[in-house]
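Below is one structure, written out as structure tokens; comments come after it.
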Amino acid sequence: MEKEKVDKIVEETLERPIHHSKEENPKRYLALRNILNIIFMIGALVGLLIYLFSDEFSGTIVIMAAMAIKIIESVLRITYR
């Protein structure tokens with residue numbers, strides 16, 4: 001290619017506006033994700049304590065519910081990145 005053509009292509013590329021297909025405010029769901037993470041951690045800890053010191057079945061159910069909340073948070077994190 002000629003030097004002029006290359007320079008023209010470089011100029012056009014540098015002048016091209018950047019279009020973001022992603023969300024304008026990436027921190028929109030950050031507070032919700034933090035709340036879901038706190039609920040998950042508390043639920044997992046409570047479930048573990050119930051599992052160890054009380055009924056194993058009930059502890060398992062509480063831990064599984066906490067895991068469901070973590071899955072919801074993960075989906076939010078992956079979807080709205």
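Start at 1 with the first residue, then count along the sequence.
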Stepwise side-chain contact (heavy atoms from CB on, under 4.5 Å) test for Glu73 and Ile35 | CA-CA 9 Å; Glu73 185 275 331; Ile35 291 169; over 6 Å; no

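Taking every heavy atom of both residues into account, Ala44 and Ala66 meet most closely at N-CB, 3.6 Å. Here the closest heavy-atom approach between residue Leu76 and residue Tyr29 is recorded as CD2-CD2, 4.4 Å. Heavy atoms only, all atoms of each residue included: Lys70 and Phe40 are closest at CB-CD1, 3.5 Å.
In this structure, Ile38 is a member of the same hydrophobic cluster as Val62, with clusters built from ILVMFWY side-chain heavy atoms closer than 4.5 Å. Ile78 and Val75 are assigned to two separate hydrophobic clusters, defined by single-linkage of ILVMFWY side chains at heavy-atom distances under 4.5 Å. Tyr51 is connected to Phe53 through a chain of hydrophobic side-chain contacts under 4.5 Å among Ile, Leu, Val, Met, Phe, Trp and Tyr, so both are in one cluster.
With rounding to the nearest 0.5 angstrom, the CE atom of Met67 is 10.5 Å from the OG1 atom of Thr60. A distance of 7.0 Å separates CD1 in Ile72 from CG in Leu36, rounded to the nearest 0.5 Å. With values rounded to the nearest 0.5 angstrom, Ile69 atom CD1 is found 12.0 Å from Met41 atom CE. To the nearest 0.5 Å, atoms OG (Ser74) and CG (Asn37) are separated by 8.0 Å.
Evaluated for a side chain to side chain contact (heavy atoms under 4.5 Å, CB included) with Ile42, the options Ile39, Val46, Leu45 yield exactly one hit, Val46.
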